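Notes for the one structure printed next.
If you read the sequence from its start, that first residue is 1, and numbering goes on from there. Every number for a ligand or one of its atoms is a count from 1 in the order of the listing. Note that the structure is predicted; figures quoted are calculated from it, not measured.
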Amino acid sequence: MTGTVQTQGSQSINYATVTWDQLHRDARLLATELMRKYRPFRGIVAITRGGLIPAAILGRELGCRLIESVSVVSYAGEEGTQQEPKLLKAPEAAGDGEGFLIVDDLVDSGVTARYVREMLPKAVFACLYAKPDGRPCTDHFVTEVPQDTWVLFPWDMAPQFVAPLNRSHKA
Ligand SMILES: O=P(O)(O)OC[C@H]1O[C@H](OP(=O)(O)OP(=O)(O)O)[C@H](O)[C@@H]1O
Ligand SMILES: Nc1nc2[nH]cnc2c(=O)[nH]1
Ligand SMILES: [Mg+2]
């Protein structure tokens with residue numbers, strides 16, 4: 001995970017950049033820990049959309065083929081403001097969560113995790129990254145990220161041309 005600071009006007013934003021390789025390594029580390037601690041899961045519930053790719057990697061590593069999803073919307077716009085969570089699709093195949101693993105990419109405020117855990121009280125909750133406010137909502141995570149930092153996932157980014165230093169800096 002690489003930390004960068006971007007300045008927009010008088011505001012500076014801290015970003016933590018996650019590459020595909022890093023995300024894959026972190027998901028495998030999470031799978032190793034889960035395999036050590038639990039008997040095989042009956043199924044995985046991916047919190048869309050961010051939990052879908054981590055859930056696919058965990059499903060492969062844990063030998064788990066039943067992947068259910070729950071769709072919750074709680075942010076509006078890019079890096080947007082949080083609103084009341086809205087359920088678009090319930091995780092019907094997961095019952096009360098017994099034997100299931102809930103997977104998301106990260107917990108930030110913990111609002112999404114709390115909302116889904118209330119629906120599936122018996123499930124285990126795991127994610128890749130956790131900010132301090134959301135940390136109590138997760139049973140397992142790989143890396144803690146500061147609360148004031150925005151995590152940029154591989155699907156949030158695209159490689160782009162950057163001008164050489166000698167052209168972008170005027171003497
Ligand atoms: O702990 P919280 O403050 O609730 O934030 C964490 C949630 O926010 C992001 O999802 P988002 O709602 O942006 O939707 P997406 O996964 O579809 O991109 C992220 O994937 C988590 O699900
Ligand atoms: N991509 C991304 N989505 C989020 N949703 C809530 N916090 C974050 C974050 O840090 N990064
Ligand atoms: Mg999400």
Side-chain angles (χ1 to χ4, degrees), residues 1-8 11-31 33-34 41 43-60 64 67-94 97 100-121 123-160:
M1 200 178 263
T2 315
T4 56
V5 181
Q6 274 182 33
T7 310
Q8 288 171 1
Q11 237 197 343
S12 66
I13 305 168
N14 299 323
Y15 288 105
T17 306
V18 183
T19 64
W20 285 111
D21 278 357
Q22 183 71 56
L23 184 112
H24 201 172
R25 271 197 298 277
D26 289 341
R28 282 184 162 147
L29 282 174
L30 185 59
E33 185 180 341
L34 293 168
F41 290 100
I44 291 175
V45 176
I47 304 182
T48 69
R49 296 158 300 177
L52 287 168
I53 288 166
I57 299 168
L58 287 168
R60 192 256 180 189
C64 186
I67 314 281
E68 172 60 290
S69 66
V70 57
S71 182
V72 183
V73 179
S74 56
Y75 282 86
E78 289 310 303
E79 299 164 31
T81 44
Q82 200 160 23
Q83 57 200 12
E84 193 66 17
K86 211 165 76 187
L87 183 67
L88 297 185
K89 185 208 164 286
E92 276 162 23
F100 274 77
L101 173 70
I102 305 167
V103 176
D104 208 350
D105 51 358
L106 91 157
V107 288
D108 184 328
S109 65
V111 166
T112 306
R114 270 196 295 276
Y115 185 79
V116 173
R117 293 200 85 156
E118 269 175 33
M119 275 187 272
L120 304 166
V124 173
F125 190 104
C127 60
L128 300 176
Y129 311 113
K131 300 189 192 179
D133 287 354
R135 212 184 138 146
C137 304
T138 181
D139 297 313
H140 300 277
F141 68 95
V142 180
T143 303
E144 183 161 327
V145 178
Q147 197 66 45
D148 69 354
T149 294
W150 189 260
V151 180
L152 281 176
F153 288 100
W155 49 85
D156 292 325
M157 299 178 285
Q160 64 173 43

For ligand 1, which atoms sit closer than 4.0 Å to a heavy atom of [X]?
{"X": "Thr112", "result": "2 (P), 4 (O), 7 (C), 22 (O)"}
{"X": "Asp105", "result": "19 (C), 20 (O), 21 (C)"}
{"X": "Thr48", "result": "16 (O), 17 (O)"}
{"X": "Ser74", "result": "12 (O)"}
{"X": "Gly110", "result": "1 (O), 2 (P), 3 (O)"}
{"X": "Val107", "result": "1 (O)"}

Spacing of [X] atom [atom1] and [Y] atom [atom2] [to the nearest 0.5 Å]:
{"X": "Asp104", "Y": "Phe141", "atom1": "CG", "atom2": "CZ", "answer": "14.5 Å"}
{"X": "Thr149", "Y": "Tyr129", "atom1": "OG1", "atom2": "OH", "answer": "13.5 Å"}
{"X": "Trp155", "Y": "Leu52", "atom1": "CH2", "atom2": "CG", "answer": "8.5 Å"}
{"X": "Lys86", "Y": "Ser74", "atom1": "NZ", "atom2": "OG", "answer": "11.0 Å"}
{"X": "Leu30", "Y": "Cys127", "atom1": "CG", "atom2": "SG", "answer": "8.0 Å"}
{"X": "Leu29", "Y": "Gln22", "atom1": "CG", "atom2": "CD", "answer": "8.5 Å"}

Considering the heavy atoms of [X], write down every atom of ligand 2 situated less than 4.0 Å from one of them.
{"X": "Lys131", "result": "7 (N), 9 (C), 10 (O)"}
{"X": "Asp156", "result": "1 (N)"}
{"X": "Phe153", "result": "1 (N)"}

Among all protein heavy atoms, pick the one closest to [atom] and tell me residue, atom and distance.
{"atom": "atom 5 (N) of ligand 2", "result": "Trp150 CH2, 3.6 Å"}
{"atom": "atom 22 (O) of ligand 1", "result": "Asp104 OD2, 2.5 Å"}
{"atom": "atom 18 (O) of ligand 1", "result": "Arg49 NH2, 3.3 Å"}
{"atom": "atom 2 (P) of ligand 1", "result": "Ser109 OG, 3.4 Å"}
{"atom": "atom 8 (O) of ligand 1", "result": "Tyr75 CE1, 3.5 Å"}
{"atom": "atom 16 (O) of ligand 1", "result": "Gly50 N, 2.9 Å"}
{"atom": "atom 7 (N) of ligand 2", "result": "Asp108 OD2, 2.7 Å"}

Would Thr48 and Ser71 count as having a side-chain donor-acceptor pair, cut-off 3.5 Å?
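The criterion, which ignores hydrogens and geometry beyond distance, is satisfied for Ser71 and Thr48.
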So between Asp104, Leu106, Val151, whose heavy atom ends up nearest atom 1 (N) of ligand 2?
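Of the listed residues, Val151 has the closest heavy atom.
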Identified side-chain contact (heavy atoms from CB on, under 4.5 Å) partner of Leu101 from the options Leu120, Val124, Val45
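When Leu120, Val124, Val45 are each tested with Leu101, the side-chain contact (heavy atoms from CB on, under 4.5 Å) holds only for Val124.
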Closest contact, heavy atoms only, Lys131 versus Asp108:
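In terms of heavy atoms, the two residues are closest at NZ-OD2, 2.9 Å.
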Where do Pro132 and Glu144 come nearest, in terms of heavy atoms and distance?
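Shortest heavy-atom separation between Pro132 and Glu144 comes out as CG-OE2, 3.5 Å.
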Applying a heavy-atom cut-off of 4.0 Å, say which part of Leu106 lies close to ligand 1: side chain, backbone, both or neither.
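Leu106 to ligand 1: contacts from backbone and side chain alike.
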Check step by step if side-chain contact (heavy atoms from CB on, under 4.5 Å) holds for Val70 and Leu87.
CA-CA 8 Å; Val70 57; Leu87 183 67; 3.8 Å; yes
Using the rule given for side-chain contact (heavy atoms from CB on, under 4.5 Å), can you reason through Trp20 versus Met157, listing the C-alpha separation, both sets of side-chain angles and the distance that settles it, and then say yes or no?
CA-CA 11 Å; Trp20 285 111; Met157 299 178 285; over 6 Å; no
Return yes when at least one protein heavy atom is under 4.0 Å from atom 10 (O) of ligand 1, and no when none is.
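Given the 4.0 Å limit, the answer for atom 10 (O) of ligand 1 is no, no protein heavy atom qualifies.
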